[in-house]
Amino acid sequence: MAYRKVYIDNASYENMIKHKNQGLNNGRAGTSCDFKLFYSDDWLLDSAVIDHIIPVKGNWDIYLVFAWSGNPLKLIKRKIKSCTSRKLALINGEYMRRLAAKDARGTVTIPLEAFDVCNN
């Protein structure tokens, strides 16, 4: 799919940049509650960890998915590493999952019914 180049005049470009900068800097300092989303990670202690392996351009990418048992829709998915073979990716994925899980035995699970999936 080819994209066409779009040209705008200098006055419009300067006006666009001026309004963009005003939106980013409102003159107030950020507070700690603004970053609460990034630091509220207590739920990871009660989360189930799932290893997810995906083939991408000849490699196998290993992702870890953390899902909270209290609210299964609260997820974090992180790429851990890439492997050259599927067998190596499966071994590394299982090892990484066991290391990342706070519950090493794997007893924290999330039932499928918790997602309230509608098949319509």
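In this chain, residues are counted from 1 in sequence order.
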Would you say that [X] contacts [Y] through its side chain, given a criterion of any heavy-atom pair below 4.5 Å between the two side chains?
X	Y	value
Lys79	Ser82	yes
Ile76	Val65	no
Arg97	Leu64	yes

- State yes or no: do Met96 and Phe66 share one hydrophobic cluster built from I, L, V, M, F, W and Y residues joined by side-chain heavy-atom distances below 4.5 Å, directly or via other members? yes
- Message: Check for me, please, whether Tyr63 and Val56 land in the same ILVMFWY cluster - side-chain distances under 4.5 Å, paths through other members count.
- Response: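 Tyr63 clusters together with Val56.
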- Query: How about Lys81: does its NZ atom have over 12 heavy atoms from other parts shown lying under 6.0 Å from it?
  - Reply: no
Which heavy-atom pair separates [X] from [Y] by the least distance, and what is that distance?
X	Y	value
Ile62	Ala89	CD1-O, 3.5 Å
Asp51	Gly93	OD2-C, 3.4 Å
Cys83	Asn92	SG-ND2, 3.3 Å
Ala67	Leu75	CB-CD2, 3.3 Å

[atom1] of [X] to [atom2] of [Y]: how many Å apart, nearest 0.5 Å?
X	Y	atom1	atom2	value
Ile54	Trp60	CD1	CH2	10.0 Å
His52	Asp61	NE2	CG	10.5 Å
Ile80	Ile53	CD1	CD1	11.5 Å

- Starting from the C-alpha separation in whole Å, work towards a yes-or-no answer on side-chain contact (heavy atoms from CB on, under 4.5 Å) for Asn59 and Thr84. CA-CA 5 Å; Asn59 286 330; Thr84 55; 4.0 Å; yes
